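For this chain, numbers begin at 1 and follow the sequence in order. This one's a predicted model, so the numbers in the text were calculated from it and none came from an experiment.
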Amino acid sequence: MQYLARQYEILFPRLPYLVRLALNLMLLPIILVWAMPRALWRLSKAHSSIGDTGIPVPEVEDGQFELDTKTRDEIAHEPAAMFRMRGLAGTEKWPAFLTQMARWDAVNASVEGQPLTYVGTRAARWAQLTFLEENDDCYGMAASELPLASIEKLEMAFAEHHRDPRLAAMLARAHEEMAWARRGGDYADAVTSDGWHGFEMHLERANEVLADFDVQKETSFLLASVTHTVALSSEWEDAACDAVFQRCLALNPRCWVTMRERAFHLLPRWGGDYERLEIAARQAMADTSELGAAAYAAFYLGVLDRDEGTLFYCDPALFAEGLADMATAEQDDQVFVNGLIEAVIGIVTPTASLFGGSGDVDINERRAAFGNAADALLKDHFHCHVTDVWTSAPQEVWNIVATAYATELEAGCTIRLTHAGGAQITQPAPE
């Protein structure tokens, strides 16, 4: 379906609604007579080609394979940090809040593959964030529908601490988020005039808040990363966006979230193209060479599950290498590693689609090319199953992990994976 949508956009890019409606009515007979039967045939063919998607699990003796199970709360620091920062923000103890943010920012403290300052930023706008996550992001909301308490508190705090770059970043981020809530996530020609007004108003305030800070001189990564987010949403000139992105890399080479945002805005749907995305991913990898290919993987993690066309540009071997480098950079944080593996499983899982892939290459064959990436992560970096990171059932995860160790299990090895002890493989006793 994504392939059809891309071809449609190429033929009729952003035409007015009435013009597109007329074109749709003209094309309807062709769709009914030719396209729909062909699509149904392709769907049937795709289903038959997938076959049994169950994982071939090796036979395991009792006690031969042990997988430790944890929850996020048991091994992660984010929930505790979030609780403390929400308390400080809720009681408006801003000096203590900002002091903690400055400490985290100074050393690029991170948890689960993201800066701890992001945790603080979410804590400061908790009510707003919770409301927006519970609502459809495609639906542009009226101003009267949105909770304003978080922004009002931040505005009052900023009036008192207007030179603090982290507080400026939090306020700008809250306005950028509200801008998209007012606009909605639909295509531009489906946004209402009220939605555009709210979008522009909140982005204008976000840019105004950031205007007094020179991101190239400030040492706050949080300020740089939020400026990058606002720059993308505000459609700054390419050179200005590039400069802010380079500053983010200089301040924190492990800025995975910023890399994913950058990649997403390089997709064709936002006026970019796949070649630019590939070039940008490789350039980021070169700019962060101390992390190996991590940046390359981070770029594509932001888009492989959103646009099938990216599968045909991403280098599977380099992507797998980059995932391993990301896990190493985060010191095998098990919440982070579990999240990486689940994301890769989603990318490689075969799909049955109405329309073909790119050219003569079948989309599921291309997905299969990325299959080794998950196995490498499982064997080298995975130590325990963090249950609330996965959408798959525990037994399915057990099957996935056991299959990665199929060779060792079939050879009679005993395998024990624990959060505390890592992967422990015991060879079978000689006969």
Side-chain angles (χ1 to χ4, degrees), residues 2 46-47 49-60 62 64-76 78-79 111-114 133-134 256-257 260 297-298 300-308 310-311 314 316 319-320 322-324 326-327 330 332-353 363-410 415-419 422-423:
Q2 291 177 357
H47 270 296
S49 67
I50 291 174
D52 182 11
T53 58
I55 300 171
V57 184
E59 294 185 8
V60 179
D62 289 343
Q64 187 184 5
F65 181 69
E66 179 182 337
L67 176 60
D68 195 8
T69 299
K70 300 286 185 183
T71 65
R72 249 177 106 236
D73 287 353
E74 289 180 292
I75 63 175
E78 179 178 338
V111 62
E112 301 178 19
Q114 62 179 323
E133 286 179 348
E134 293 174 350
W256 318 129
V257 175
R260 291 198 295 268
Y300 276 103
L301 274 175
V303 295
L304 284 173
D305 63 339
R306 299 183 181 215
D307 188 324
E308 291 175 347
T310 57
L311 288 165
C314 180
F319 179 70
L323 290 173
M326 287 180 74
E330 294 301 328
D332 286 354
D333 179 313
Q334 286 304 292
V335 175
F336 183 70
V337 171
N338 274 251
L340 285 181
I341 294 170
E342 204 218 9
V344 176
I345 295 296
I347 291 167
V348 304
T349 299
T351 58
S353 59
I363 188 69
N364 288 325
E365 289 182 1
R366 187 58 182 171
R367 288 185 187 279
F370 292 81
N372 292 335
D375 285 345
L377 278 174
L378 283 163
K379 297 189 72 170
D380 296 335
H381 301 278
F382 178 88
H383 302 152
C384 75
H385 172 207
V386 185
T387 55
D388 39 353
V389 172
W390 292 75
T391 56
S392 301
Q395 184 60 50
E396 293 175 354
V397 176
W398 194 96
N399 292 347
I400 290 169
V401 180
T403 301
Y405 285 95
T407 301
E408 291 84 353
L409 291 171
E410 290 170 359
I415 298 173
R416 187 168 181 259
L417 303 176
T418 65
H419 179 250

Not counting sequence neighbours, which residues clear side-chain contact (heavy atoms from CB on, under 4.5 Å) with [X]? List them please.
X      : result
Gln395 : Trp398, Asn399
Asp62  : none
Val348 : Val344, Phe370
Arg260 : Trp256, Val257, Leu301

**OP:** Could you check Ile341, Leu323, Asp332 and say which one makes a side chain to side chain contact (heavy atoms under 4.5 Å, CB included) with His381?
**Re:**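 Exactly one option meets the side chain to side chain contact (heavy atoms under 4.5 Å, CB included) with His381, and it is Asp332.
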
List in chain and number order the residues that pass side-chain hydrogen bond (donor to acceptor under 3.5 Å, both in side chains) with [X], two or more places apart in sequence or in another chain; answer none if no residue qualifies.
X      : result
His385 : none
Asp68  : none
Glu408 : Lys379
Thr387 : none

**OP:** Please identify each residue that fulfils salt bridge (Lys or Arg N to Asp or Glu O under 4.0 Å) with Glu410, with sequence neighbours left out.
**Re:**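 For Glu410, no residue satisfies salt bridge (Lys or Arg N to Asp or Glu O under 4.0 Å) once neighbours in sequence are set aside.
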
Original post:
Listed by chain and number, what are the salt bridge (Lys or Arg N to Asp or Glu O under 4.0 Å) partners of Glu342, not counting sequence neighbours?
Top reply: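 Listed in chain order: nothing, the list is empty.
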
**OP:** Taking the side chain as every heavy atom from C-beta outward, state whether Pro394 and Thr69 have any pair of such atoms under 4.5 Å apart.
**Re:**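 Sidechains of Thr69 and Pro394: no contact.
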
Original post:
Does Gln334 use its side chain to pair, donor to acceptor, with the backbone of Val386 at less than 3.5 Å?
Top reply: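 Not at all, since once roles are kept as given, no pair shorter than 3.5 Å links the two residues.
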
**OP:** Check for a donor-acceptor pair, side chain of Glu308 on one end and backbone N or O of Arg306 on the other, with a separation under 3.5 Å.
**Re:**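 Checked: no pair found.
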
